[in-house]
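Read the structure below first, then the notes.
Every number for a ligand or one of its atoms is a count from 1 in the order of the listing. Position 1 is the first residue of the sequence; numbering continues from there.
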Amino acid sequence: MDHLQKFNAQVRNHLLAILLANNAFVIAAGWYSMEVQHLDSQVTLLIVCLSGLVLTTGFTLLSTRYLTAPLRTIWQAILHIAPDTADQPAPDLKHLVLGKEAVTNLISHIYQLASVVDDIELTTHKEQANPKHDFVANNLPLPLIILDATDNILFANQELLRYIHKTADDVIGKNFYAVVDMSFPNDKTFDKWLADAKARKAVATQTWERVRINTESNEEAISPQCDLAAYYNQNNPDGLETMLVFFDHTTQYSQDDQAMSFVALAVHELRTPLTLLRGYIEAFDEELHGKLTPELDDFMKKMAVSAQQLSTFINTILNVSRVENDQFELQLHRESWQEILTAAIADLSLRAEVRGISLKLDLPAQLPAAGVDRVSIYEVISNLVDNAIKYSNTSKTIVIKAYQNRNGLIETTVQDFGVGIPEGAITHIFDKFYRNHRNRAQIGGTGLGLYLAKAIVGAHGGQIWVNSTEGQGSTFGFTVLPYSQIADELKTADTSRTDIVRSAHGWIKNHSLYRR
Ligand code: ADP
């Protein structure tokens, strides 16, 4: 209160001084006009009135700025702490004359009040956030993990720790990729999605099926397999940028794997009788060549084709099972690509012929020698040509071309003019078990051919692709490396070897800090 009284007194004294000064000047002007200048009374009165007017206006203007300075200072202090105008600088109290103590005191009270409000807001926020946090942590029956902008783990719930066999100390603050090692059934991996979301979107969501969690501790035990859902928000105010939830399906997926292993086991047993059968068919064909009626000759061809198709089916199942179990190995040798392709097409042309389709092979005069595994790459050619035959519909031509592409790789394309692939299906075409619903009822298949072809081409160091228009046909293409490119690798490898051994993997590893 002292400060306020002092402020009152200052204002009163100031106003008094102004009024006195004002009056003194007016009186002085009258005296000066009459006594010194000897002007007559009317002119003197006019001068007194005019000087009164001018002086009062001048003093009023000067006093207003001076008298309102405390109010302006307080106003600036309020703006300084208000959230909307926080960039306003704090008032400078040094130059304040009128009511300095009162204003300083008042402003310090305002600042105190603001900090109390901040504290209340912070506590309320914490009180609101914590129960939710705890609720999620303790009760969510799904493994949940939250990452910050640098992919470090901010939060992991109990279920997650149990799932990956780690403690909170092992994971909190650590890089996600160093802690959770995941493999995906195709190359649309989590790390690629996250990089894309970070680059392009403020908010994004995505789900994956059949993700394998590679745990270090249980080499013998079955790796957990799950579906994964991720949410990304670049603008999360608390820095909780990426959230992942795991839905465990280990039992279901490992049952599928066991079923696959069982099928592979059963199919394996078909190999020996089928090889015998094919041998007898060939023997009959040679023995009876030219002696059969056209009808019996046709039966013979169809028998040979069916045996060949059964053989492809068996090889596909066995190879997929090997790829799944990381047991698929290739041995890359120097081979003539023209020779491989010509032999394969000759072999497959019987299948095309019984469907009334002709295979046209278009080869350049010159092609570099390829570095390939003959048996495995035959599976790729066979699957692509088989599909072209199956999905040719009424069209009667399939064109197979090979050439050296712009990157120096040997590229082979298989073009049909059949049913084609709908745009939405193209991204799934190489996924395991994927079959387009539009033709799966009419045309038999397993959905494994392209999956296997991709794994084999990938292991060769090449790439497989498709261009297709529904109703017009499809072109599948793949690349293999010229032998000269892999020869460098041979030089640095064990000198006693003349081939390069590569493995085909069904599982694509997510980016890992422990990438092997
Ligand atoms: P499938 O045994 O079903 O042929 P694939 O893995 O070889 O399995 O092919 C997967 C799916 O891709 C097929 O079900 C089919 O829908 C589609 N597809 C493959 N090749 C062609 C093609 N040449 N033309 C049209 N669709 C094709």
Just by distance, with hydrogens left out, do [X] and [Y] show a side-chain donor and acceptor under 3.5 Å apart?
X: Arg355; Y: Ser392; value: no
X: Arg351; Y: Gln309; value: no
X: Tyr253; Y: Asp227; value: yes

Closer than 4.0 Å to some heavy atom of [X] - which atoms of ligand 1 meet that?
X: Leu448; answer: 6 (O), 8 (O)
X: Lys390; answer: 1 (P), 2 (O), 4 (O)
X: Ser474; answer: 22 (C), 24 (N), 25 (C)
X: Tyr434; answer: 10 (C), 11 (C)

Gln234 atom CD, over 12 foreign heavy atoms within 6.0 Å: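 More than 12 heavy atoms, drawn from other residues, nucleotides or ligands, come within 6.0 Å of this atom.
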Phe417/Tyr391 aromatic ring centres below 6.0 Å: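 Aromatic pair excluded; centres sit 6.0 Å or further apart.
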Checking the N or O distance criterion of under 3.5 Å, is ligand 1 in contact with Gly449? yes
Indicate yes or no: does an N/O atom of Phe476 lie under 3.5 Å from an N/O atom of ligand 1?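 Min N/O separation from ligand 1 is not below 3.5 Å for Phe476.
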Taking 4.0 angstrom as the limit, do Lys174 and Asp169 come out as a salt bridge?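 No.
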What residue among Glu324, Gln327, Glu379 forms side-chain contact (heavy atoms from CB on, under 4.5 Å) with Asn319? Glu379
Ignoring hydrogens, just give me the one of [options] whose non-hydrogen atom is nearest [atom].
atom: atom 24 (N) of ligand 1; options: Phe417, Phe313, Tyr451, Tyr391; result: Tyr391
atom: atom 17 (C) of ligand 1; options: Ile429, Thr316, Leu384, Thr446; result: Ile429
atom: atom 26 (N) of ligand 1; options: Ile421, Leu452, Asn393, Val466; result: Ile421

Quick check on Gly420 - does any of its heavy atoms sit under 4.0 Å from an atom of ligand 1? yes
Per-residue contact class, [X] against ligand 1 - non-hydrogen pairs under 4.0 Å:
X: Phe430; answer: neither
X: Leu450; answer: both
X: Asp416; answer: side chain

Judged by atom type as modelled, is there a donor-acceptor pair below 3.5 Å linking the side chain of Asp347 to the main-chain atoms of Ala343?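 A pair under 3.5 Å: no.
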Give, for atom CD1 of Ile381 and atom OH of Tyr378, the distance between the pair rounded to the nearest 0.5 Å.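 Separation between the atoms: 8.5 Å.
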